[in-house]
Amino acid sequence: MNTVEGILINKYPYQDKHLIGHLLLRNGMVLTVLFFGGQGGGKKTKSSILQIGYLFKVVLSQSKKVSFEMLNAKEYSEKWFHKKLASHPRAFYLLCFYSELISKFSPKVSEHDDLDLDGEVHGGLFRLLSNGIFQLEKSVVEESYSHYDSLFIFLVKALVELGIFPRTENCSISGSKIEDSSKIILIPSNGGFAFHSMVEAEVQRLTDGETGQIIRKAILEVAAAKYGEISTIEGLNSDCCKELLEYICFQQNINIRDFKTASMIF
């Protein structure tokens, strides 16, 4: 019998009373779990504790099955849960986006050894999501929630964990050193920034290079700080967040339209 801990990143109703949920385990892998009676209800109209973003301790039923596509939960209880986040629509939408992004990049449990919570290879993904959720809850409780600051910080931390941080020191076209005053553009296909003057005329027409300045300065500051040390970013807007997400999508070979929650956060 195995006991695991993980954050519930999505859930689906199954039959009349049950739920199928995906847990991001502490080792950064995703486990599919069948929660019997997880929808709540019944004669006592018991509510379900299975909410997105909660950290659960789950005792898995013993099974002789070779397949790990889905395991059954014998017992489960909350180890940590957000209290105010769900009452703030924009913050909750951001929580759903965080969970969806992590789910796209976390490997799935496929064998018994994957249930070892001491594994560190993908553990950074769990820390990223847990820190993101904790800071969202904190900002809602303290009434300091800033939508695009929260989103941008999470995306920067994702760049670090995924190992796709863009080159920031030199122009990705000319190789010349980028100064703080340089007008630049983030070019996903080049894996870094380029001088505004070096890109095609059509690209120059669409941007003045100042957004690139803001993004470069901000990602360097956020990457060097611990999660929660930076709460606001000067000059940040939705375009900065979109460009960073588009960069991640290009590097990971996915389309921004693949995110069901993207329309909820922009």
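Quick caveat, the model's predicted, so the values are computed rather than measured.
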K.L.:
Shortest non-hydrogen contact from Lys57 to Thr3?
P.N.:
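Distance-wise, the nearest heavy atoms are CE-CG2, 3.6 Å.
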
K.L.:
Within the side chain of Tyr247, is there an N or O that forms a donor-acceptor pair under 3.5 Å with the backbone of Ile164?
P.N.:
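Yes, Tyr247 side chain to Ile164 backbone: donor-acceptor pair under 3.5 Å.
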
K.L.:
So, do Met29 and Ser106 sit near enough that their side-chain heavy atoms are less than 4.5 Å apart?
P.N.:
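Contact flag for Met29/Ser106 side chains = no.
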
K.L.:
Please tell me if the side chains of Lys157 and Tyr227 come closer than 4.5 Å, counting only heavy atoms from C-beta onward.
P.N.:
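A side-chain contact exists here, since the closest heavy-atom pair is under 4.5 Å.
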
K.L.:
Side chains of Ser61 and Asn72: is there a donor and an acceptor less than 3.5 Å apart?
P.N.:
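No, no side-chain donor-acceptor contact under 3.5 Å.
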
K.L.:
If we check side chain to side chain contact (heavy atoms under 4.5 Å, CB included) with Leu125, which of these qualifies: Val30, Leu101, Asn27, Leu162?
P.N.:
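The residue from Val30, Leu101, Asn27, Leu162 that satisfies side chain to side chain contact (heavy atoms under 4.5 Å, CB included) with Leu125 turns out to be Leu162.
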
K.L.:
Please report the interatomic distance CD1(Ile133) to CZ(Phe81), rounded to the nearest 0.5 Å.
P.N.:
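Output value for this atom pair is 14.0 Å.
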
K.L.:
Same cluster or not: Leu85 versus Val141, using hydrophobic residues (I, L, V, M, F, W, Y) connected whenever any side-chain heavy atoms lie under 4.5 Å apart?
P.N.:
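In one cluster with Leu85: Val141, no.
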
K.L.:
So, Asn170 side chain and Gly175 main chain: donor-acceptor pair closer than 3.5 Å or not?
P.N.:
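Side chain of Asn170 to backbone of Gly175: a pair is present.
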
K.L.:
Please round to the nearest 0.5 Å and tell me the distance separating atom NZ of Lys260 and atom CG of Asn10.
P.N.:
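If I round to the nearest 0.5 Å, the distance is 9.0 Å.
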
K.L.:
I'd like to know if the side chain of Lys84 reaches the main chain of Lys138, judged simply by a donor and an acceptor atom lying under 3.5 Å from each other, with no hydrogens or angles considered.
P.N.:
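Side chain of Lys84 to backbone of Lys138: no pair is present.
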
K.L.:
Given the ring of Phe56, does Lys79 sit roughly above its face, with NZ or CZ under 6.0 Å from the centre of the six-membered ring and within 45° of the axis?
P.N.:
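Cation-pi check for Lys79 and Phe56: fails.
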
K.L.:
How are the rings of Phe134 and Trp80 set relative to one another: parallel (under 30°), tilted (30 to 60°) or perpendicular (over 60°)?
P.N.:
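Plane angle between 30° and 60°, so tilted.
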
K.L.:
For residues Phe105 and Glu161, determine if any side-chain heavy atom of one lies less than 4.5 Å from a side-chain heavy atom of the other.
P.N.:
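Not touching, per the 4.5 Å side-chain cut-off.
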
K.L.:
Can you give me the closest heavy-atom contact between Gln204 and Ser197, atom names plus distance?
P.N.:
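The pair with the smallest heavy-atom distance is NE2-O, 3.4 Å.
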
K.L.:
Report the C-alpha separation of His88 and Tyr145 in whole Å, then their side-chain angles, then the decisive distance to 0.1 Å, and conclude whether the ring-ring contact (aromatic ring centres under 6.0 Å, His included) test is met.
P.N.:
CA-CA 9 Å; His88 192 297; Tyr145 177 75; 4.7 Å; yes

K.L.:
Look at the side chain of Asp113 and the backbone N and O of Asp116, then say whether any donor-acceptor pair between them is shorter than 3.5 Å.
P.N.:
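No.
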
K.L.:
Is Phe154 linked to Phe92 within one hydrophobic cluster, defined over Ile, Leu, Val, Met, Phe, Trp and Tyr using a side-chain heavy-atom separation of less than 4.5 Å?
P.N.:
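Yes, it is one cluster - the side chains of Phe154 and Phe92 are joined through contacts under 4.5 Å.
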
K.L.:
Please find the pair of heavy atoms, one from Phe165 and one from Leu220, that lie closest to each other, and give the distance.
P.N.:
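Taking every non-hydrogen atom into account, CE2-CD2, 4.3 Å.
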
K.L.:
Yes or no on side-chain contact (heavy atoms from CB on, under 4.5 Å) for Leu155 and Phe97, after CA distance, side-chain angles and deciding distance?
P.N.:
CA-CA 11 Å; Leu155 292 175; Phe97 171 77; 4.1 Å; yes

K.L.:
Show your working on side-chain contact (heavy atoms from CB on, under 4.5 Å) between Leu55 and Phe126 and close with a plain yes or no.
P.N.:
CA-CA 11 Å; Leu55 174 65; Phe126 177 88; 4.1 Å; yes

K.L.:
Taking all non-hydrogen atoms of both residues, which atom of Leu19 and which atom of Lys11 are closest, and how far apart?
P.N.:
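Answer, listing the atom of Leu19 first, then Lys11: CD1-CD, 4.2 Å.
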
K.L.:
Taking atom CG of Leu24 and atom CD of Glu5, what is their separation to the nearest 0.5 Å?
P.N.:
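Between Leu24 CG and Glu5 CD, I get 12.5 Å after rounding to 0.5 Å.
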
K.L.:
Kindly say whether Leu128 contributes a backbone atom to a donor-acceptor pair with the side chain of Asn131 at under 3.5 angstrom?
P.N.:
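Checked: no pair found.
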
K.L.:
Restricting to non-hydrogen atoms, name the atom on Ile248 and the atom on Ala158 that form the minimum distance, rounded to 0.1 Å.
P.N.:
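Of all heavy-atom pairs spanning Ile248 and Ala158, the closest is CD1-CB, 4.5 Å.
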
K.L.:
In Å and rounded to the nearest 0.5 Å, what is the CG to OG distance from Leu236 to Ser146?
P.N.:
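Those atoms lie 7.5 Å apart.
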
K.L.:
Report yes if the side chains of Thr32 and Val109 come closer than 4.5 Å at any heavy-atom pair, otherwise no.
P.N.:
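No - every pair of side-chain heavy atoms lies 4.5 Å or more apart.
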
K.L.:
If we ignore hydrogens and angles and just use 3.5 Å, is the side chain of His18 paired with the main-chain N or O of Gly37 as donor and acceptor?
P.N.:
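Yes, His18 side chain to Gly37 backbone: donor-acceptor pair under 3.5 Å.
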
K.L.:
Between the side chains of Lys226 and Glu229, is the shortest nitrogen-to-carboxylate-oxygen separation below 4.0 Å, so that they form an ion pair?
P.N.:
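No salt bridge links Glu229 with Lys226.
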
K.L.:
Within the structure provided, determine whether Phe152 and Val156 are in side-chain contact (heavy-atom separation under 4.5 Å).
P.N.:
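Answer yes - side chains close enough.
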
K.L.:
Is the closest side-chain heavy-atom distance between Tyr76 and Ile49 below 4.5 Å?
P.N.:
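SC-SC contact between Tyr76 and Ile49 confirmed.
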
K.L.:
Should we say atom OH of Tyr54 is surrounded by more than 12 heavy atoms from elsewhere, each under 6.0 Å from it?
P.N.:
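Buried by this count: over 12 neighbours within 6.0 Å.
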
K.L.:
Step by step, work out the side-chain contact (heavy atoms from CB on, under 4.5 Å) result for Phe195 and Ile178.
P.N.:
CA-CA 8 Å; Phe195 292 129; Ile178 296 175; 4.0 Å; yes

K.L.:
Main chain of Thr261, side chain of Glu100: is a donor-acceptor contact present, judged purely on distance under 3.5 Å?
P.N.:
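Checked: pair present.
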
K.L.:
Does Ser182 use its side chain to pair, donor to acceptor, with the backbone of Ile184 at less than 3.5 Å?
P.N.:
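No, Ser182 side chain to Ile184 backbone: no donor-acceptor pair under 3.5 Å.
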
K.L.:
Would the number of heavy atoms belonging to other residues, nucleotides or ligands and lying under 6.0 Å from OH of Tyr14 be above 12?
P.N.:
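No, not enclosed.
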
K.L.:
Evaluate side-chain contact (heavy atoms from CB on, under 4.5 Å) for Leu94 paired with His147, printing each intermediate quantity in order.
P.N.:
CA-CA 8 Å; Leu94 210 49; His147 186 76; 4.0 Å; yes

K.L.:
Could Lys217 and Glu221 be called an ion pair, given the rule that one side-chain N must be under 4.0 Å from one carboxylate O?
P.N.:
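Yes, this pair counts.
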
K.L.:
Would you say that Met70 contacts Leu31 through its side chain, given a criterion of any heavy-atom pair below 4.5 Å between the two side chains?
P.N.:
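Result no, sub-4.5 Å side-chain heavy-atom pair not found.
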
K.L.:
Check Val33 against Ala73 and note the closest heavy-atom contact, atom names and distance.
P.N.:
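That closest heavy-atom pairing would be CG1-CB, 3.6 Å.
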
K.L.:
Mark yes or no for whether Gln213, through its side chain, and Ser181, through its backbone, hold a donor-acceptor pair below 3.5 Å.
P.N.:
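Yes.
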
K.L.:
Answer whether the closest heavy-atom distance between the side chains of Lys183 and Glu210 falls below 4.5 Å.
P.N.:
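Side-chain contact under 4.5 Å: yes.
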
K.L.:
Cluster question for you: counting only ILVMFWY and a side-chain heavy-atom cut-off of under 4.5 Å, with indirect links fine, are Phe250 and Val203 together?
P.N.:
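No, Phe250 and Val203 fall in different hydrophobic clusters.
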
K.L.:
Check whether NZ of the Lys or CZ of the Arg Lys104 lies under 6.0 Å from the centre of the six-membered ring of Phe259 and within 45 degrees of that ring's axis.
P.N.:
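Yes, Lys104 sits over the ring of Phe259.
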
K.L.:
For Asp180, I'd like to know if atom CG has over 12 heavy atoms of other residues, nucleotides or ligands within 6.0 Å.
P.N.:
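At most 12 heavy atoms, drawn from other residues, nucleotides or ligands, come within 6.0 Å of this atom.
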
K.L.:
Rounded to the nearest 0.5 Å, how far apart are CG of Asp258 and SG of Cys249?
P.N.:
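Reported to 0.5 Å precision, the distance equals 7.5 Å.
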
K.L.:
Strictly distance-based, threshold 3.5 Å: is any side-chain N or O of Glu137 a donor or acceptor partner for the main-chain N or O of Lys83?
P.N.:
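Answer holds: yes.
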
K.L.:
Got a second to check how far Ile7's CD1 is from Ile9's CD1, nearest 0.5 Å?
P.N.:
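Interatomic distance, Ile7 CD1 to Ile9 CD1, rounded to 0.5 Å: 9.0 Å.
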
